[in-house]
Amino acid sequence: MMSRAERTPLNDWWWTVDRSLLAGLGCLMVAGLVFLMGGGPPVAERIGLPTFYFLNRQAAYLVPTIGLIIAVSFLSVRHIRRFALLTWLIGVGLCVLASKFGPEIKGAHRWIQFGSFGLQPSEFVKPAFVVVAAWAFSEGAQRRDMPGGLLAMALLPITIVPLLLQPDFGQTMLITIVWCTLFFVAGLHWFWVAGLGGAGLLGVAAAYTVLHHVKERIDRFLDKDSGDSFQVFWSRESFTSGGWFGTGPGEGIAKRHLPDAHTDFIFSVTGEEFGVIVCLCLVALFAFIVMRGLKLARRTDDTFSRLAITGLTTLFGLQACINMAVNTQLMPAKGMTLPFVSYGGSSLISLALGMGFLVALTRKRPRTTSLGQRPPGTTPSAVPGLMQ
């Protein structure tokens, strides 16, 4: 047991961290391993790999994932901003390099190869961008001499243009929606809300017109007979055959036909083998983490922390919603992983970075007094840290 009386960095961390949030993330990681036992083996056997190749790799990736969440959660607010800025700069640079020199996978250049190791830099750009954008918005709200709003507006095109060059329309939409959320929480007028909504619709229309794969997916979603609906059919079939209670672990059929049963369609595999009730429990777990994050955001008095927590929570929840919506045929197909459940090294490590930021920012910190300000009725010497 850790005593409150002992003043060590680990004790301070344990008594200030939000343990409910950590427990929710831990449950997701365990659930991911359980569900991957069903979705991973058929894909591995189909491409000539050992049966539990993806499960073993996922378990191995979880070690640095947990370590990164804990390590980042020790950072102060100042170091979080600096680390996020550095990560964002490197990530955007690597996205540009990937679009030019990265290997072509499924018609897109999204990966950087370091020998046998592959890295998807756009995954790391997402959480870093949220923190940097929140920083810019908060500085603009607190300091009149700081053009934070303009800087935050400039950050969006700088971030999404390299993604469009890859092309990666899904990640572009995800980042844009989170940025609009930050803009709204930062005090955006309803006039600008309508303007951004209109610009978003124009962007989707432009993507539908210019990008062939976007047009193809939207057409297929609106008309199932307009193209190859192989994945759509088996994804729908998995929930139909699974029913409320599922066919049983390892007994699913649809996973043997879905090419991405271990990544994009792990939720469908879960629905077939464990049933709709387990899927609803998984949805409830994601909802708990999102609602917990938003509740903690409301409690903080610091503008930057409130914006960053809201943005990181929105990013996490929206990615989960997109994946589950695609699996249940509520939106066009989009390759996006289910956080901490789908297989993927880059996805896990980037999620660990984002959740590490979230855990760090939601820690209970003593209220600080701004330089040059003090509570009524106190002297400068009575306020710790205030220069006299």
Side-chain angles (χ1 to χ4, degrees), residues 22-72 103 105-106 110-124 127 231 234-235 238 242 246-275 278-279 281-282 285-286 289 316 319-320 323-324 327 335-356:
L22 283 179
L25 295 174
C27 289
L28 271 185
M29 295 178 196
V30 173
L33 290 178
V34 173
F35 299 148
L36 196 58
M37 290 179 67
V43 180
E45 293 171 0
R46 190 160 57 240
I47 59 180
L49 295 173
T51 302
F52 294 105
Y53 173 83
F54 293 115
L55 178 64
N56 294 333
R57 296 264 292 186
Q58 185 83 341
Y61 282 134
L62 282 179
V63 176
T65 295
I66 296 171
L68 184 59
I69 291 176
I70 295 175
V72 173
I105 300 176
K106 296 182 179 180
R110 301 172 185 170
W111 293 81
I112 292 286
Q113 288 293 138
F114 300 98
S116 59
F117 176 73
L119 178 72
Q120 189 174 358
S122 61
E123 292 286 348
F124 297 89
Q231 291 194 118
W234 283 109
S235 176
S238 63
T247 58
E251 300 298 324
I253 301 299
K255 65 184 180 182
R256 304 188 182 281
H257 302 275
L258 289 168
D260 298 316
H262 61 316
T263 53
D264 300 345
F265 288 93
I266 189 71
F267 191 65
S268 295
V269 175
T270 303
E272 182 176 25
E273 298 193 348
F274 295 89
V278 172
C279 286
C281 291
L282 186 60
L285 183 55
F286 278 110
I289 295 173
F316 176 82
Q319 180 171 333
N323 177 278
M324 292 185 286
N327 278 253
M336 195 166 290
T337 59
L338 188 60
F340 293 114
V341 177
S342 296
Y343 169 80
S346 292
S347 175
L348 272 181
I349 301 301
S350 69
L351 284 165
L353 179 62
M355 292 301 99

For [X] versus [Y], what's the shortest heavy-atom pair and its separation?
| X | Y | answer |
| --- | --- | --- |
| Gly271 | Cys279 | CA-SG, 3.4 Å |
| Val269 | Gly38 | CG1-C, 4.1 Å |
| Asn323 | Thr263 | ND2-O, 4.3 Å |
| Ala44 | Tyr53 | CB-CB, 4.4 Å |
| Ala261 | Gly39 | CB-O, 3.9 Å |
| Leu351 | Phe340 | CD1-N, 3.5 Å |

List for me each residue that meets ring pair (Phe, Tyr, Trp, His ring centres under 6.0 Å) alongside Phe35, sequence neighbours excluded, and say none if there are none.
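Expected list: Phe274.
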Applying ring pair (Phe, Tyr, Trp, His ring centres under 6.0 Å) to Tyr343 and not counting sequence neighbours gives Phe54, His262
Kindly say whether [Y] contributes a backbone atom to a donor-acceptor pair with the side chain of [X] at under 3.5 angstrom?
| X | Y | value |
| --- | --- | --- |
| Gln58 | Ser342 | yes |
| Ser350 | Phe124 | no |
| Glu272 | Ile253 | yes |
| Asn327 | Asp264 | yes |

Roughly how far, to the nearest 0.5 Å, is [atom2] of [Y] from [atom1] of [X]?
| X | Y | atom1 | atom2 | value |
| --- | --- | --- | --- | --- |
| Leu36 | Ile266 | CG | CD1 | 5.5 Å |
| Met29 | Leu348 | CE | CG | 8.0 Å |
| Glu123 | Met336 | CD | CE | 8.0 Å |
| Glu45 | Arg256 | CD | CZ | 7.0 Å |

With sequence neighbours excluded, what pairs up with Thr270 under the side-chain hydrogen bond (donor to acceptor under 3.5 Å, both in side chains) test?
none
Using the test side-chain hydrogen bond (donor to acceptor under 3.5 Å, both in side chains), find all partners of Thr337 that sit at least two apart in sequence or belong to another chain.
Gln319, Ser347
Identify all side-chain donor-acceptor contacts of residues 64-71 below 3.5 Å with residues at least two apart in sequence or on another chain.
unit_1, atom_1, unit_2, atom_2, d
Thr65, OG1, Tyr61, O, 2.8

Which residues satisfy the side-chain contact (heavy atoms from CB on, under 4.5 Å) test with Leu285, sequence neighbours excluded?
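Counting only residues at least two positions away or on another chain, Leu285 forms a side-chain contact (heavy atoms from CB on, under 4.5 Å) with Cys27, Leu28.
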Tell me, with the steps shown, if Val341 and Phe267 meet side-chain contact (heavy atoms from CB on, under 4.5 Å).
CA-CA 9 Å; Val341 177; Phe267 191 65; over 6 Å; no
